[in-house]
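Working notes, structure below.
Each ligand, and each atom within it, is numbered from 1 in the order the structure gives.
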Amino acid sequence: MLPNKNQEILLAKTFGCVRFVYNKMLAERQETYEKYKDDKETLKKQKFPTPAKYKDEFPFLKEVDSLSLANAQINLQNAYNNFFEDRAEFPKFKSRKHKQSYTTNLVNGNIELQDGYIKLPKLKLVKMKQHREISADYKIKSCTISKTKSGKYYISILTEYEKEIKSVIIKNVVGLDFAMNGLYVESEQGEKVNYPRFYRQSLDKLAKEQRILSQRKKGSARWEKQRLKVAKLQEKTANQRKNFLHHKSKELSSNYDAVIIEDLDMKGMSKALHFGKSVHDNGWGIFTTLLGYKLKEQGKQLVKVDKWFPSTKKCSCCGAEKPMTLSERLYQCSCGYVADRDYNSAINIKNEGLRLLALA
Ligand SMILES: [Zn+2]
């Protein structure tokens, strides 16, 4: 997106107002939570105001797209629900350093694509470079506008289509075992899929530049220069990763009618096993989301196997189970079966998926 000066000012205001409203609402929830946390039933019944309430007290909120504020409330509500249902920690306040973004929705033609421009609420026509064409049977649902740390503006457009999806008869099935050092191992040839070398090289470069940044004096000219370098590299690696995950999920969803994966709790896993950041950053979450919707579009299926299913311990040949330590790379069974640990798991995951598909 290439906004003009006035649009940049309004965008900055919108990011600020969204953050402001989010934090206000979060503070209210925090207070309510502290008050009733020992009485979950009463806590559950508490009602919270809408952003409209703040507009009288803080008239500057009227200047920006009101849908952006409504979405801030929805985001907070989701974060709060996730906390409430034990899926996440208590939502955190958004700081100025937090990613700047807001979401708006299509209502009565307020968003429109016009030959190199996009019409957006309050902003009117904003110049943009479109990366992917939106076909005529797709309808715009919402737009998320963001500003990167290096100062670039992006808009991602969420669409929905009215096309009816017919379920595919499932013939070709593959099981994937999540791989800590890479992405996954698949059940058909035992192929280990890892990120491309150029991506891993950019990651190394990023780590090096981050180290340099940490050694510079915060706020100095040299620090600022390095900060920008790091921000650009971060965006580059994130894009490389996303492109690769798009590519891989597309390949799998064209080659197979169903993909079976384990329903992993990545957050719990990195905590329990002390793997720290590496598991989080592996991209497995993004990958399975992309895979899920690419399969769904074609009437195909992503099947999740229970996280307690003993995919590692089980012999994929005779079904016997035995303990496996993390360092054992080979699965050797008393029945004579020998295979790579992850390959054996991938086959087990596939077979469990086939069982679930037969039940459905
Ligand atoms: Zn066996």
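In this model, no donor atom of one side chain and acceptor atom of the other lie less than 3.5 Å apart for T32 and Q46. Between D65 and T104, the side chains place a donor N or O and an acceptor N or O closer than 3.5 Å (distance only, hydrogens not considered). One side chain, S202 or Q240, offers a donor N or O that lies under 3.5 Å from an acceptor on the other. At a cut-off of 3.5 Å, with distance as the only test, no side-chain donor of E191 or Q189 sits close to an acceptor on the other residue.
Between F244 and Y199, the distance separating the two ring centers is not shorter than 6.0 angstrom.
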Just distance, no hydrogens or angles: give the donor-acceptor pairs under 3.5 Å from side chains in residues 352-360, sequence neighbours left out.
{"unit_1": "E352", "atom_1": "OE1", "unit_2": "R355", "atom_2": "NE", "d": "3.1"}
{"unit_1": "E352", "atom_1": "OE2", "unit_2": "R355", "atom_2": "NH2", "d": "2.9"}

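If you look at the Zn ion (ligand 1), the protein N, O or S atoms less than 2.8 Å from it are C315 SG, C318 SG, C333 SG, C335 SG.
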